[in-house]
Number of protein chains: 2
Amino acid sequence: MSGRTVTIAQVAKHAGVAVSTVSYVLSGKRTISADTRRRVLDSISALGYHPNAGARALASKRSNVIALVLPLRAGMHVPVLMRFASSVVTAARRYDHDVLLLTADEGTEGILRVAASALVDALVLMDVELDDRRVPLLRELAEPSVLIGFPAEPAGLTCVDLDFAAAGARCVEHLAERGHEEIALLGAPSVVYDRGTGFATRTREGFVAALGDHGIKGVALPCEETFDEVYETVRDLLLDHPGLSGLVVHNEAAVSHVLAALRQLGRRVPHDVAVVAICPDDVAERAGPPLTSVLIPAEEVGREAVRLVMEKLEGRTVPDATLLTPLLAVRAST
Amino acid sequence: MSGRTVTIAQVAKHAGVAVSTVSYVLSGKRTISADTRRRVLDSISALGYHPNAGARALASKRSNVIALVLPLRAGMHVPVLMRFASSVVTAARRYDHDVLLLTADEGTEGILRVAASALVDALVLMDVELDDRRVPLLRELAEPSVLIGFPAEPAGLTCVDLDFAAAGARCVEHLAERGHEEIALLGAPSVVYDRGTGFATRTREGFVAALGDHGIKGVALPCEETFDEVYETVRDLLLDHPGLSGLVVHNEAAVSHVLAALRQLGRRVPHDVAVVAICPDDVAERAGPPLTSVLIPAEEVGREAVRLVMEKLEGRTVPDATLLTPLLAVRAST
DNA sequence: TGAGAGTGTCGAAGCGCTTCGACGACCGGC
DNA sequence: GCCGGTCGTCGAAGCGCTTCGACACTCTCA
């Protein structure tokens with residue numbers, strides 16, 4: 001609408017007020033009479049005014065942009081990431097912020113760049129590793145940040161995540177209640193464990209600990225993502241553990257391969273083998289048969305991360321660690 | 001590094017030159033002696049200077065940020081999107097630009113906002129529909145834009161995409177060469193066709209046209225994404241077409257279900273039914289058996305979109321349409 | 001009724017950068 | 001030895017916004 005860029009000065013002239021008055025109408029930082037406010041707002045929409053982001057950032061020292069740092073590496077669950085990303089964008093908009101996307105291949109450099117240049121006010125980082133190179137940098141930074149996931153040494157940081165240990169335990173509990181006495185966990189590809197990614201490790205720990213609590217037997221194995229490898233893993237697992245009747249799968253890409261392998265090996269789900277997955281709801285629902293699953297609450301995690309980082313921007317203190325309770329949805333596979 | 005924000009004035013003082021000289025060293029818009037340049041660069045790294053993005057944007061009328069508008073709707077191939085996004089970020093960085101992430105649920109509003117506020121210099125839009133509400137807006141906008149995908153009326157726009165018609169045809173050609181005489185296309189869920197999404201429709205058209213060219217029989221069907229629905233579709237298909245010996249699958253989420261369904265129906269791949277997929281390479285490789293596929297060159301499309309939008313930013317004219325040639329990789333499934 | 005306490009608005013001073021015009025220094029050509 | 005042309009550098013004028021202090025009013029209460 002309208003010709004070229006409209007400035008606040010033009011709005012002020014059109015409304016017959018001072019530039020600062022327009023600014024205060026927009027920010028609400030000083031009281032303005034209802035009458036003046038109306039006139040200003042009318043002029044704004046008449047002229048199609050949009051405040052210049054650069055000028056605003058320069059004068060106010062706030063860009064109203066937050067950085068979202070994504071990984072994009074081998075072994076990541078890409079669709080889950082996407083949901084995080086999308087929920088972060090949606091949540092940020094509710095605080096009148098936009099989201100700048102950074103990929104980790106730019107590494108530490110990129111984070112420093114956008115923070116030091118005041119391109120962003122704050123950062124949200126995803127896929128944090130136990131020993132993450134970015135963590136020391138974050139501690140130095142003036143800009144507030146929130147991590148999705150936990151590094152090995154989270155002191156002085158703000159972290160949010162699903163409680164994966166509880167998720168692993170919850171799966172064991174569910175299978176134990178159903179009377180299974182020997183179960184297995186098929187986890188992430190071994191490269192993910194080697195990298196020390198927290199969520200994979202913590203799920204396994206929760207799983208193992210819960211075995212003892214319920215007095216049942218179980219093993220935890222990494223799980224690659226090609227059909228042939230999954231098939232072999234499942235076949236060997238069933239061979240080595242004839243009494244095994246329950247399976248926990250924490251690997252989104254492998255879920256459908258596991259089910260196909262079981263079918264091919266003549267095991268019916270849930271009759272011969274019960275299966276619980278830890279994955280997004282839609283993957284679980286789409287599987288054949290639909291899987292009992294602990295859902296990964298991507299939307300909630302993203303929203304919470306944004307909420308926390310906004311609180312920090314306002315100068316408020318927030319809890320260091322936020323763990324979201326896993327929810328188990330029972331479907332046809334157990 | 002260093003205490004608080006370092007400004008160009010401090011760098012200038014430290015190096016013993018004028019502020020404008022520092023600016024010209026950074027931008028290269030005027031010749032600077034080698035000696036002075038060295039001194040300035042030394043000061044910059046000694047002080048840890050990073051130009052303030054807001055000030056730069058205000059003075060130069062360039063934010064060095066481009067918007068990436070993603071869809072995130074039902075029926076989308078999420079992992080493919082992610083690769084586009086990641087390649088766009090990487091490519092943009094090579095032009096010294098960052099990427100602002102917008103989701104389509106903000107709709108036309110968001111595009112107008114970031115463009116009018118000069119938050120971004122240019123836009124890249126993904127998942128364009130045949131009749132896209134955003135298209136008219138783009139035509140009005142002063143900021144250059146590039147679409148990934150084609151709307152029904154692409155005049156006056158710049159569009160990039162894989163040549164899906166050629167991809168569909170290429171699959172037919174491959175199966176015809178292998179001697180198959182009756183084949184089928186399993187496409188996107190019907191909701192995607194109903195929405196008028198270009199790539200699904202164009203693949204089908206290319207497929208159908210190529211059938212005639214090679215004188216073979218074939219049908220094209222939509223394909224839902226739950227295992228049970230896929231199973232039924234495949235079963236009915238084989239029932240209705242006893243002579244059918246080749247399958248083209250253009251639906252990433254359904255690929256593994258199709259293979260599982262065939263196994264369950266006692267059809268061996270490729271012995272009884274040959275399968276070609278149109279999907280990202282890693283999905284094809286990970287399947288059992290690894291699939292002959294037309295790969296979706298996400299990286300290339302993203303890179304090309306960024307290149308085009310940068311050309312437009314420089315004021316150069318670019319071709320309206322860029323279609324990338326599909327490449328078929330032969331694997332174990334045909 | 002006049003001091004004090006709000007209200008509502010204005011003007012001006014920056015925020016940190018880019019860019020334009022100006023200007024000295026130095027060059028070669030005649 | 002003087003003139004025009006480069007080359008390298010400087011100073012200053014903005015870019016469009018926020019924010020601070022000031023100021024004119026209007027209330028309120030002693």
Side-chain angles (χ1 to χ4, degrees), chain A residues 2-41 43-44 47-65 96 113-119 121, chain B residues 2 4-41 43-44 47-65 96 113-119 121 142:
Chain A
S2 91
R4 264 299 47 73
T5 49
V6 183
T7 71
I8 196 173
Q10 297 174 38
V11 173
K13 174 150 17 141
H14 186 274
V17 300
V19 162
S20 48
T21 303
V22 177
S23 178
Y24 287 125
V25 166
L26 254 21
S27 69
K29 293 193 179 174
R30 286 202 182 173
T31 47
I32 297 286
S33 68
D35 178 53
T36 305
R37 143 173 286 110
R38 276 258 308 127
R39 250 181 320 130
V40 169
L41 292 177
S43 297
I44 285 177
L47 300 176
Y49 169 68
H50 288 262
N52 179 290
R56 203 205 265 278
L58 178 57
S60 69
K61 308 196 162 312
R62 283 294 193 87
S63 66
N64 276 31
V65 174
D96 195 31
R113 183 173 52 78
V114 298
S117 69
L119 225 190
D121 297 334
Chain B
S2 93
R4 264 301 46 73
T5 50
V6 183
T7 72
I8 198 173
Q10 297 174 37
V11 174
K13 175 155 11 148
H14 186 273
V17 299
V19 161
S20 49
T21 303
V22 176
S23 178
Y24 286 124
V25 166
L26 253 21
S27 70
K29 293 193 178 173
R30 286 200 181 174
T31 48
I32 296 287
S33 68
D35 178 51
T36 306
R37 145 173 284 107
R38 276 258 306 125
R39 249 179 325 128
V40 169
L41 292 177
S43 297
I44 285 177
L47 300 178
Y49 170 67
H50 288 262
N52 178 290
R56 203 204 264 278
L58 178 57
S60 69
K61 311 197 160 308
R62 283 295 192 86
S63 66
N64 276 31
V65 174
D96 195 32
R113 182 173 51 80
V114 298
S117 68
L119 225 189
D121 297 334

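Lettering follows sequence order; numbering is per chain, from 1.
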- Note on the structure: What one should report as the nearest heavy-atom pair of A:Q10 and A:T5 is NE2-O, 3.7 Å
- Round to a whole Å and report the spacing from NZ of B:K29 to P of D:dT9. 18 Å
- Query: Quick check: does any side chain N or O of A:S43 sit under 3.5 Å from a backbone N or O of A:R39, one acting as donor and the other as acceptor?
  - Reply: yes
- From A:V6, A:I8, A:V11, residue fulfilling side-chain contact (heavy atoms from CB on, under 4.5 Å) relative to A:I44: A:V11
- Between its two end axes (five pairs each) the helix from C:dT1-D:dA30 to C:dC30-D:dG1 turns, nearest 10 degrees, through 40°
- Quick one: what's the B/S/- string for nucleotides 11-16 of chain D, heavy-atom cutoff under 4.0 Å, read 5' to 3'? B--BBB
- May I ask you to verify whether the side chain of B:R30 and the base of C:dG21 hold a donor-acceptor pair under 3.5 Å? yes
What protein N or O atoms touch nucleotides 24-26 of chain D N or O atoms at under 3.5 angstrom, if any, and at what distances?
none

- Query: Could you give the distance from OG (A:S63) to CG (A:L58), rounded to the nearest 0.5 Å?
  - Reply: 12.0 Å
- Message: Check the phosphate of C:dC10 against A:T21, side-chain N and O only, distance under 4.0 Å to OP1 or OP2. Yes or no?
- Response: yes
- Query: Any idea which heavy atoms bring A:A57 and B:G54 closest together, and the distance?
  - Reply: CB-CA, 4.4 Å
- Task: Return no unless some side-chain N or O of A:S33 is found under 4.0 Å from OP1 or OP2 of C:dT9.
- Result: yes
- Any donor-acceptor pair under 3.5 Å linking the side chain of A:D121 with the backbone of A:N64? yes
- Query: With side chains defined as the heavy atoms from C-beta onward, is the minimum distance between B:Y24 and B:V19 less than 4.5 Å?
  - Reply: no
- Query: B:D35 CG to D:dC7 P: how many Å, rounded?
  - Reply: 18 Å
- Query: So do B:V65 and A:L119 actually touch side chain to side chain, heavy atoms under 4.5 Å?
  - Reply: yes
- Query: A:S23 and A:S20: side-chain donor and acceptor closer than 3.5 Å?
  - Reply: no
- Checking all strands, does A:T31 fall into the base, sugar-phosphate, or nothing category for heavy-atom contacts under 4.0 angstrom? base
- Message: Would you say A:S23 places a side-chain N or O within less than 4.0 Å of OP1 or OP2 belonging to D:dT18?
- Response: yes
- Check whether any side-chain N or O of B:S117 sits under 3.5 Å from a backbone N or O of A:H50 as a donor-acceptor pair, and report yes or no. no
- Message: Would the distance check show the side chain of B:T21 and the main-chain N or O of B:V17 forming a donor-acceptor pair, the cut-off being under 3.5 Å?
- Response: no
